[in-house]
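Below are the structure tokens for one structure; questions will follow.
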Amino acid sequence: SYSKNERTKYVNTNNAIKSPKILITGGLGQLGTECAKVLRRNYGNENVILSDIIKPTEESLENGPFIFADILDFKGLQKIVVDYRIDWLIHFSALLSAVGEQNVPLAVRVNIEGMHNVIELAKQYKLRIFIPSTIGAFGPDSPRNPTPNITVQRPRTIYGVSKVHAELLGEYYHHRFGLDFRCLRFPGVISCDPPGGGTTDYAVAVFHEGLLNKRYECYLEPHTRLPMMYIEDCLSALFQFLNTPNELLRRRVYNVTAMSFTPEELFNEILKYIPDLKITYKPDKRQYIAENWPQVFDDSEARHDWGWQHKYDLERLVKSMVKDVSNNFL
Ligand code: AKB
């Protein structure tokens, strides 16, 4: 059901509820293509526009419009919003935690300046805007087990700093200008599409390398516990949250998660499917990042306020990933 304001916006002259027009930035990253599939199933292919600065594959062009959009080009973004009459903006463009540390100036431009552009755009054109945050928005001073929705946030990566900045600016624009800003803090997201440059990537890479080469060298120590979720849960959280009437939201930023595991626990579950899998450990700089992140994420507020529920636990996740990767990549 739609709130009063939303009704005004999405009811057309025939009194039918109109689908929102949605722009996804950073659409060719880990979440974009799959997110577009979910939204297109619900709102129609033409109403969901995937965008990026990367050249798309055939698959990304399959089900609906794809356009070039550079989040650092404010006028270009304005033109897209006007030309396509955009209502909602899903802003995925970002450099992740590990790759951000390798190029801090670029991370500042993309994650901070780019976010300034989209948030200002959303304010000007009264868009609903979703920006993902992350477990990386916490740091060594935050309680790690569990990490509540509201607590100390002093991250030690540029990725984390930029995400705390996005959370705070979004909340500020909401209170000051009435911007419909929505933000979920995601844990490590596991999907058969490869992520690019995160600290939780090992939990995806092990499926690809494990199934292909029967060996995997892990860059985290065996007992490093991190919160995680399967892509399907991540996208249903996003979809459900985007559609929650404003009056049910007690916050603009919510923790969401599904499970927590260590590399060793994940590999033991995978061994049930690939018994000859050989695991070695060679911790690198990402170990330091992971050590300062939450181990267990408290998402009770999301569960309470808008009914968040995950479907995938570790066993189901591994079963699905083995199947997805075997079917699509082998
Ligand atoms: C990363 O590892 O940087 C991301 C995240 C947890 O935000 N996957």
Side-chain angles (χ1 to χ4, degrees), residues 25-26 28-35 90-104 106-108 110-112 114-115 130-140 142 144-147 153 155-167 183-208 218-221 224-235 237-238 253-263 266 283-299 310 312 317 321:
T25 69
L28 299 184
Q30 188 194 8
L31 304 181
T33 316
E34 292 305 310
C35 177
I90 299 183
H91 179 55
F92 283 145
S93 311
L95 262 65
L96 297 185
S97 55
V99 82
E101 291 312 290
Q102 287 157 19
N103 193 343
V104 174
L106 184 65
V108 168
V110 174
N111 296 12
I112 300 180
M115 189 270 303
F130 176 85
I131 304 183
S133 184
T134 161
I135 49 171
F138 298 90
S142 314
R144 295 179 65 215
N145 188 348
T147 306
Q153 289 179 267
R156 294 272 175 95
T157 60
I158 188 61
Y159 175 60
V161 169
S162 68
K163 289 297 184 180
V164 175
H165 178 62
E167 292 179 7
C183 172
L184 293 178
R185 294 191 191 113
F186 289 131
V189 176
I190 298 163
S191 66
C192 68
D193 292 326
T199 302
T200 57
D201 292 13
Y202 88 87
V204 174
V206 63
F207 289 97
H208 288 269
C218 182
Y219 57 78
L220 293 184
E221 281 168 11
T224 317
R225 184 172 300 283
L226 289 169
M228 300 276 183
M229 87 200 304
Y230 184 51
I231 179 103
E232 215 176 289
D233 274 337
C234 168
L235 296 176
L238 171 45
V253 182
Y254 284 93
N255 292 355
V256 288
T257 191
M259 66 194 99
S260 278
F261 55 71
T262 64
L266 174 66
D284 65 19
K285 286 181 183 154
R286 288 169 280 190
Q287 177 63 31
Y288 171 75
I289 297 178
E291 269 170 22
N292 288 311
W293 280 2
Q295 295 178 316
V296 174
F297 218 29
D298 176 357
D299 60 358
H310 69 276
Y312 285 81
L317 164 96
M321 280 296 288

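These figures come from a predicted structure and were not determined experimentally. Whatever order the structure lists ligands and atoms in, that order sets their numbers, starting from 1.
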Does the side chain of Asn255 pick up a donor-acceptor pair with the side chain of Arg185 at under 3.5 Å?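 Side-chain D/A pair, Asn255 to Arg185: present.
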Once the angle between the rings of Phe92 and Phe130 is folded into 0 to 90°, is it parallel (under 30°), tilted (30 to 60°) or perpendicular (over 60°)?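 The rings of Phe92 and Phe130 stand perpendicular, inter-plane angle above 60°.
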Should the pair Tyr159 and Trp293 be assigned to parallel (<30°), tilted (30 to 60°) or perpendicular (>60°) ring geometry?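 Plane angle between 30° and 60°, so tilted.
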For residues Ser191 and Gln30, is any side-chain donor paired with an opposing acceptor at under 3.5 Å?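 Yes, because at least one side-chain N or O of Ser191 sits under 3.5 Å from a partner of the opposite role on Gln30.
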Out of Pro155, Pro132, Ser97, which residue meets the side-chain contact (heavy atoms from CB on, under 4.5 Å) rule with Lys163?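 Of Pro155, Pro132, Ser97, side-chain contact (heavy atoms from CB on, under 4.5 Å) with Lys163 is met by Pro132 alone.
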Would you tabulate the polar-atom pairs, meaning N/O of ligand 1 against N/O of the protein, with distances under 3.5 Å, reported to 0.1 Å?
residue, atom, partner, partner atom, Å
ligand 1, 2 (O), Thr199, N, 2.6
ligand 1, 2 (O), Thr200, N, 3.1
ligand 1, 2 (O), Thr200, OG1, 3.3
ligand 1, 3 (O), Ser97, N, 3.1
ligand 1, 3 (O), Ser97, OG, 2.5
ligand 1, 7 (O), Thr134, OG1, 2.7
ligand 1, 7 (O), Tyr159, OH, 2.6
ligand 1, 8 (N), Thr200, OG1, 2.9

Below 30° counts as parallel, above 60° as perpendicular, anything between as tilted: where do the rings of Tyr312 and Tyr230 land?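 Taking Tyr230 first and then Tyr312, their aromatic rings sit tilted (interplane angle of 30° to 60°).
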